[in-house]
Amino acid sequence: MKIIPKSREAISGTGAVTPSLVKNVTELKKLPVRLKVQFDGSAVYVPENLMDKFVIRGGNPLLGTIRVSGAKNAALPAMAAAILTDETLVLENIPDVRDIQTERNLLVSMGAEVELGYGRAHHRTTISCRSLVNPEAAYELVKTMRASTLVLGPLVARMGRARVSLPGGCAIGARPIDLHIKGLEQLGATIRQEHGYIEASADRLRGGHIAFDKITVTGTEDLMMAAALAQGETLMENCAREPEVVDLAVLLNKMGAKIEGAGTSTIRIKGVSKLGGARHRIIPDRIEAGTFVIAAALTGGDLTITNCDPLHLNALLQKLEECGVTTTTTGDSIRVKNGHRLKAADMSTEEYPGFPTDMQAQYMALATQAEGTSIITENIFENRFMHAQELVRMGANIKVEGSRAIVRGHTPLSGAAVQCSDLRASASLVIAALVAEGETILDRVYHIDRGYERIEEKLRGANGQIRRIGEMLPKRTQVPAGVA
Ligand code: UD1
């Protein structure tokens with residue numbers, strides 16, 4: 001297929017998606033394009049809308065209902081798990097966000113066949129890694145999404161070798177992958193580091209004892225996948241207990257793995273020689289749900305967040321109660337009705353089940369409007385206060401001292417031109433803009449598109465005044481009610 005670069009319009013082609021096509025696409029640097037693999041195996045190349053902005057007018061309470069998408073952080077390891085088998089994985093509730101597109105491109109670049117559902121099934125992804133030809137995660141992909149390193153363990157386990165780019169630094173801190181590497185060595189892999197790449201090899205991984213020096217979410221997931229196909233038993237200690245780790249273990253066990261203890265700090269894995277296909281529904285995105293909970297509380301709205309799991313949000317809901325926010329939950333929804341004044345409450349981020357670092361920025365936006373002073377301590381990442389300066393530009397009173405931010409609340413916010421620096425920082429700026437006086441222009445919204453599925457449409461449907469400008473993507477076709 002020939003790719004003719006044309007800006008501002010979608011370029012479509014037909015034919016199977018092959019690794020060389022993906023390479024062509026990533027090499028089209030002057031025109032950043034996104035590869036969308038379609039149900040019939042053909043590809044559509046869409047120019048990336050890197051310069052999109054949000055225009056947000058504050059002052060409206062969020063009302064009605066918002067439905068939460070599948071968890072990006074559960075979908076990413078689930079897709080990597082497809083590498084472990086030559087059979088097909090069918091994954092439901094996959095969110096339509098940029099990180100997922102990046103992972104699809106990564107899998108396709110290795111030789112995987114990735115098929116997307118369409119219409120009502122557009123959140124379904126079917127992956128077959130029957131014939132993997134290229135066990136490599138190139139720098140071009142890893143630098144845009146660090147979770148690409150999740151393919152390291154599965155590749156060594158299934159193919160006996162892997163070449164994965166080191167991620168390097170990122171906006172929120174150093175984020176090394178030394179614990180992934182050390183763990184793989186415990187499982188018998190030989191690791192070399194050259195030209196910015198990790199090269200790992202092993203004839204067959206063998207079970208071992210992995211005691212993590214520090215709790216790591218993707219590290220736990222990566223090694224759990226590797227150990228699932230190792231010879232013998234693996235004991236992993238000081239593991240991450242996040243719901244996404246549990247979801248991955250559930251999927252792996254459906255594929256034939258023998259994993260016990262996921263969700264606790266000790267995981268035991270009896271290696272098997274082969275894993276098979278499975279069908280699995282990804283858990284709801286707790287961070288997306290939490291973002292809407294905070295937005296509703298801050299705007300004084302009455303919002304019901306559906307298709308979520310309130311149990312995964314315990315730490316946040318408890319903290320909000322301290323702040324004077326009333327929430328009521330059912331098995332799969334949270335209603336936030338806030339007519340009260342917000343009260344300041346100190347908060348420290350911790351590994352699950354503690355308060356998530358991925359909700360720290362959004363909580364800071366809330367703290368700017370609470371009565372009193374909140375001290376926010378970031379314990380997971382060393383440089384995760386980039387949003388503070390942007391919030392200050394909107395009128396907040398925040399002082400950052402090392403890993404602490406001191407937020408003096410109840411200062412009026414006013415709309416300003418602000419910039420997204422990373423995914424969750426962007427979410428906090430959207431939330432702040434919803435209560436700011438006047439208009440906020442939010443630049444670099446590609447950060448938010450990495451992990452939130454059409455956030456502007458969801459907020460608009462709940463009385464938020466937000467629109468995207470500079471949009472280049474083709475509009476989705478609306479199916480009239482009662483037709484499909
Ligand atoms: C995952 C989440 C991310 C979340 C983070 C913490 C995914 C795809 N991403 O990221 O949204 O913010 O958990 O909840 O699930 N560390 C090391 N060496 C390692 C690995 C990690 O020192 O080999 C450090 C990190 O620098 C960080 C801490 O451990 O300070 C926790 O990081 P980790 O849990 O690994 O984060 P991710 O899995 O990358």
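Numbering of ligands and ligand atoms starts at 1, following listing order.
For Arg161 and Glu199, the salt-bridge test fails: no basic side-chain N is under 4.0 Å from an acidic carboxylate O. A salt bridge links Arg286 to Glu244: one of the charged nitrogens lies within less than 4.0 Å of a carboxylate oxygen. Look at Asp213 and Lys182 and you find a salt bridge, because one of the NZ, NE, NH1 or NH2 atoms lies within 4.0 Å of a carboxylate O, short of that distance. Salt bridge status for Glu92 with Arg279: present, with a side-chain N to carboxylate O gap under 4.0 Å. Glu456 and Arg468 are joined by a salt bridge, as a carboxylate oxygen and a charged side-chain nitrogen come within less than 4.0 angstrom of each other. Using a 4.0 Å cut-off between charged side-chain N and carboxylate O, Lys399 and Glu401 make a salt bridge. Comment: Arg163 engages Glu136 in a salt bridge, judged by a side-chain N to carboxylate O separation of less than 4.0 angstrom.
When each atom of ligand 1 is checked for a heavy atom of Ile177 under 4.0 Å away, the hits are 19 (C), 23 (O). Ligand-side atoms of ligand 1 in range of Ile380: 27 (C), 30 (O), 31 (C), range being under 4.0 angstrom from any heavy atom. Listed by atom number, the atoms of ligand 1 under 4.0 Å from His180 heavy atoms are 23 (O). In summary, the atoms of ligand 1 found under 4.0 Å from a heavy atom of Thr357, numbered by their order in the structure, are 6 (C), 12 (O), 14 (O).
Contacts of Arg384 with ligand 1, taken as heavy-atom pairs under 4.0 Å, involve the side chain alone. At a heavy-atom cutoff of 4.0 Å, ligand 1 is contacted by the side chain of Asp358 but not by its backbone. Residue-level proximity to ligand 1 for Ile287 is absent, since no heavy atom of it falls below 4.0 angstrom.
For a threshold of 3.5 Å applied to N or O pairs, the pair formed by Pro176 and ligand 1 contains at least one separation below that value. Residue Ala147 has no N or O atom closer than 3.5 Å to an N or O atom of ligand 1. At least one N or O atom of Leu179, backbone or side chain, sits closer than 3.5 Å to an N or O atom of ligand 1. Considering both main-chain and side-chain atoms, Glu221 never comes within under 3.5 Å of ligand 1 through any nitrogen or oxygen pair. Close N/O approach between Lys214 and ligand 1 is found [any backbone or side-chain N/O within under 3.5 Å]. Residue Thr216 has at least one nitrogen or oxygen atom sitting less than 3.5 Å from a nitrogen or oxygen atom of ligand 1, judged on distance alone.
Taking a 6.0 Å sphere around CZ of Arg130, one finds it holds 12 or fewer heavy atoms contributed by other residues, nucleotides or ligands. Heavy atoms of other residues, nucleotides or ligands lying less than 6.0 angstrom from NZ of Lys319 number more than 12.
Residue contact check for ligand 1: Thr149 places no non-hydrogen atom closer than 4.0 Å to it. Residue contact check for ligand 1: Glu244 places no non-hydrogen atom closer than 4.0 Å to it.
The aromatic ring centroids of Tyr197 and Tyr139 lie 6.0 Å or more from each other.
For atom 2 (C) of ligand 1, the candidate residues are Val217, Asn73, Thr220; the nearest heavy-atom contact is made by Asn73.
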